[in-house]
Amino acid sequence: MKLGIISDAHHYYSSEGELCTLSLLARQFEQWAAIFDQVTICAPLLQGPPTSLLKPYAAKNINLLPVKNAGGNTLSSKLDLIKTSVGWLKTINELLSQVDAVHIRCPNNISIPGLIALQRTRLLRHAVYTGSWTGHSNEPVTYRAQRLYLKYCFNGPVSVYGEWPNQPTHIVPSFSPSYSNQDWEMESDQVEARINKLKREEKVQTPINILTVGSLNKNKNQSVVIRSIRGLIDNGFPSNLTVIGDGVERENLERMVNSLGIYKNVNFVGKVSHDVVRDYYRKADFVIQAPYSEGYGKVPIEAMFHGVIPILSDVDMSKQIVGDGIRGKCFPQGDIDSIVQIISCLLNDPLHLIEMIVNGRIYSKNLTLESWQTDLISTLNLFWKTNINAKPN
């Protein structure tokens with residue numbers, strides 16, 4: 001059985017001719033490749049060597065049907081997008097003529113002609129909506145339109161992040177995995193050492209290490225995290241912050257750090273490979289994420305894998321992820337005093353921290369690539385009336 005994937009994920013060829021994309025996405029697409037005989041991805045192909053953030057596909061049955069990359073906020077880029085969409089539609093129709101089933105990733109630009117083209121076929125289909133399923137006030141109108149189409153018109157299962165009441169039967173709760181069962185097991189010794197250290201302490205030793213991960217943009221709202229470091233220090237809790245990611249807000253955030261007088265406490269490391277991110281998790285006590293909107297928070301789940309406590313702004317799925325406080329904490333969006341209060345209370349209660357770490361590890365063990373593939377196969381077989389199984393390694 002042949003599968004087509006319609007995605008906006010940027011792809012590159014390495015100097016050795018290997019097809020590469022973002023590391024975490026490659027691992028998810030490889031799960032599809034373990035189910036189907038052939039996987040053809042219709043996605044943008046960019047020039048130049050891949051960076052350390054990308055990885056080649058390990059699966060040998062994945063190939064690319066390339067399209068031109070397009071998009072942007074300027075008038076010229078939007079006009080170019082309109083012209084490019086015609087070419088996208090032609091290539092997508094070519095893809096649909098070659099496959100038995102289609103997985104389409106929404107919301108993005110290329111998914112619009114993808115949904116239009118699918119409407120004219122009887123192919124088996126599956127969609128994932130990677131944004132906030134409840135929406136938010138600043139979302140593009142095209143995102144809302146795609147969400148409504150998937151909810152009311154899509155003839156197949158749609159995976160969405162989180163569990164939401166009063167949904168049509170084809171809307172299926174899901175998640176976005178980063179790690180394998182083996183990755184989880186590899187962290188066991190490190191987490192056990194972390195727990196044993198906390199058992200010996202009446203209160204957590206300072207300075208504490210805090211991490212925030214993500215693109216530096218207005219939505220991710222790292223300014224709240226930075227201001228919380230100033231608040232923790234002022235309240236007698238020496239703290240260091242590592243900021244992973246890059247983006248348009250970096251210069252503004254660096255100026256804020258200097259104006260707050262905490263330049264010795266905050267380290268901007270930019271974009272780094274996922275292996276390097278894991279090293280930072282292992283050194284962290286807390287992860288703070290303060291976005292205005294978040295489709296699915298990979299970062300807090302990854303933190304739990306490593307025995308780190310997530311502190312999240314109370315948006316979208318945050319309360320579902322932290323289990324209403326049993327494996328992490330939520331704060332009202334933008335409320336710096338709440339962050340300071342949450343962390344200061346936890347630092348004085350190591351036994352509570354241990355309990356949260358254990359709960360987070362148990363929770364994250366059910367969110368691996370293998371669990372995701374098992375759920376995916378069940379969903380496809382239920383809705384497609386098939387008997388698909390993963391191929392043996």
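In this text, all values refer to a predicted model and were calculated from it rather than measured experimentally. Residue indices begin at 1 and follow the sequence shown.
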* Is it the case that R27 and Q31 place a side-chain donor and acceptor less than 3.5 Å from each other? -> no

* Asked: Which value, rounded to the nearest 0.5 Å, describes the distance between M304 atom CE and I357 atom CD1?
  -> 11.5 Å

* Do the charged groups of D37 and K2 touch, with an N to O distance under 4.0 Å? -> no

* To do: Carefully, step by step, assess V99 and L3 under the rule side-chain contact (heavy atoms from CB on, under 4.5 Å).
  => CA-CA 5 Å; V99 299; L3 175 75; 5.9 Å; no

* Asked: Are F175 and Q320 side-chain neighbours, meaning at least one heavy-atom pair lies under 4.5 Å?
  -> no

* Decide whether N108 and Q146 meet the rule of one side-chain donor and one side-chain acceptor closer than 3.5 Å. => no

* **Charged N-O contact under 4.0 Å between K365 and E185** => yes

* Around E163, counting heavy atoms of other residues, nucleotides and ligands shown, do more than 12 lie under 6.0 Å from its CD? -> no

* Rounded distance [0.5 Å steps], CD1 in I41 versus OG1 in T21 -> 7.5 Å

* Is it the case that K298 and S176 place a side-chain donor and acceptor less than 3.5 Å from each other? -> yes

* Any donor and acceptor pair, going by atom type alone, linking the side chain of N240 with main-chain N or O of N209 inside 3.5 Å? -> no

* Asked: Which residue, V67, I104, L65, forms the side-chain contact (heavy atoms from CB on, under 4.5 Å) with I6?
  -> I104

* L95 versus N93: any side-chain heavy-atom pair under 4.5 Å? -> no

* To do: Check whether any side-chain N or O of Q341 sits under 3.5 Å from a backbone N or O of D337 as a donor-acceptor pair, and report yes or no.
  => no

* R255 side chain to N252 side chain, donor-acceptor N/O pair below 3.5 angstrom -> yes

* To do: Return yes if some donor-acceptor pair links the side-chain N/O of E30 with the main-chain N/O of A58 below 3.5 Å, else return no.
  => yes

* Decide salt bridge (charged side-chain N to carboxylate O under 4.0 Å, His left out) for E139 and R147; before the verdict, give the C-alpha distance in whole Å, the side-chain angles of both, and the deciding distance to 0.1 Å. => CA-CA 11 Å; E139 70 178 351; R147 188 171 64 252; 2.9 Å; yes

* To do: Write down the atom of F331, the atom of S313, and the distance for their closest heavy-atom approach.
  => CE2-N, 3.3 Å

* Residue pair S344 / L347, side-chain heavy-atom distance below 4.5 Å -> no

* Asked: Is the number of heavy atoms from other residues, nucleotides or ligands under 6.0 Å of K271 NZ greater than 12?
  -> no

* **Note: D279-K283 ion pair, threshold 4.0 Å (strictly below)** => no

* Asked: Given side chains that start at C-beta, do those of Q333 and D314 come closer than 4.5 Å, heavy atoms only?
  -> no

* Can a salt bridge be assigned to the pair K90 and E94 using a cut-off of 4.0 Å between side-chain N and carboxylate O? -> no

* Asked: Are L150 and L115 side-chain neighbours, meaning at least one heavy-atom pair lies under 4.5 Å?
  -> yes

* **Heavy-atom side-chain contact between F29 and I5 under 4.5 Å** => yes

* To do: Could you tell me whether D189 atom CG has more than 12 heavy atoms of other residues or ligands within 6.0 Å of it?
  => no

* **Steps toward side-chain contact (heavy atoms from CB on, under 4.5 Å) verdict (V225, L241)** => CA-CA 9 Å; V225 184; L241 171 67; 3.9 Å; yes

* Asked: Between D275 and R278, is the closest basic N to carboxylate O distance under 4.0 Å?
  -> no

* To do: For the residue pair Y161 and Y296, categorise the inter-ring angle as parallel (less than 30°), tilted (30 to 60°) or perpendicular (more than 60°).
  => tilted

* Answer with yes or no whether the side chains of D316 and S293 bring together a donor and an acceptor at under 3.5 Å. => yes

* To do: Classify the side-chain pair S178/E302 by whether it contains a donor and acceptor separated by less than 3.5 Å.
  => yes

* Does T206 reach the main-chain N or O of I208 with its side chain, forming a donor-acceptor pair under 3.5 Å? -> no

* Side chain of S111, backbone of N109: donor and acceptor closer than 3.5 Å? -> no

* Ignoring hydrogens and angles, tell me if any N or O in the side chain of H11 forms a donor-acceptor pair with the backbone of A9 under 3.5 Å. => yes

* Would you check, one step at a time, whether the test side-chain contact (heavy atoms from CB on, under 4.5 Å) holds for F286 with I339? => CA-CA 11 Å; F286 300 97; I339 299 174; over 6 Å; no

* Structure fact -> In this structure, CG of L19 is separated from CG of L45 (nearest 0.5 Å) by 8.0 Å

* **Candidate pair T379 and H126, rule side-chain hydrogen bond (donor to acceptor under 3.5 Å, both in side chains), full reasoning** => CA-CA 9 Å; T379 296; H126 172 275; over 6 Å; no

* Residue among W32, F36, W384 satisfying ring pair (Phe, Tyr, Trp, His ring centres under 6.0 Å) with H103 -> W32

* Pair T368-N181, side-chain donor/acceptor within less than 3.5 Å -> yes

* **Side-chain heavy atoms of Y149 within contact of Q119, under 4.5 Å** => yes

* Asked: Taking it one step at a time, do F268 and Q222 satisfy side-chain contact (heavy atoms from CB on, under 4.5 Å)?
  -> CA-CA 11 Å; F268 291 85; Q222 286 92 352; over 6 Å; no

* What is the distance from atom NE2 of H352 to atom CG of L198, rounded to the nearest 0.5 Å? -> 12.5 Å

* Would you say the side chains of R361 and S188 form a donor-acceptor pair under 3.5 Å? -> yes

* **Residues N221, S223; criterion side-chain hydrogen bond (donor to acceptor under 3.5 Å, both in side chains); working and verdict** => CA-CA 5 Å; N221 202 18; S223 62; 3.2 Å; yes

* Go through the side-chain N and O atoms of E187 and Q190 and say whether any donor and acceptor fall under 3.5 Å apart. => yes

* Salt bridge present between K329 and D324 (N-O < 4.0 angstrom) -> no

* Look only at the side chain of D183 and the backbone of S180, and say whether a donor-acceptor pair between them is shorter than 3.5 Å. => yes

* So, K55 side chain and L24 main chain: donor-acceptor pair closer than 3.5 Å or not? -> no

* Asked: So H306 and Y179, would you call those rings parallel, tilted or perpendicular, with 30° and 60° as cut-offs?
  -> perpendicular

* With the 4.5 Å side-chain cut-off for hydrophobic clustering, are L351 and I362 part of the same group? -> yes

* **Side-chain (Q289) to main-chain (T212) donor-acceptor, under 3.5 angstrom** => no

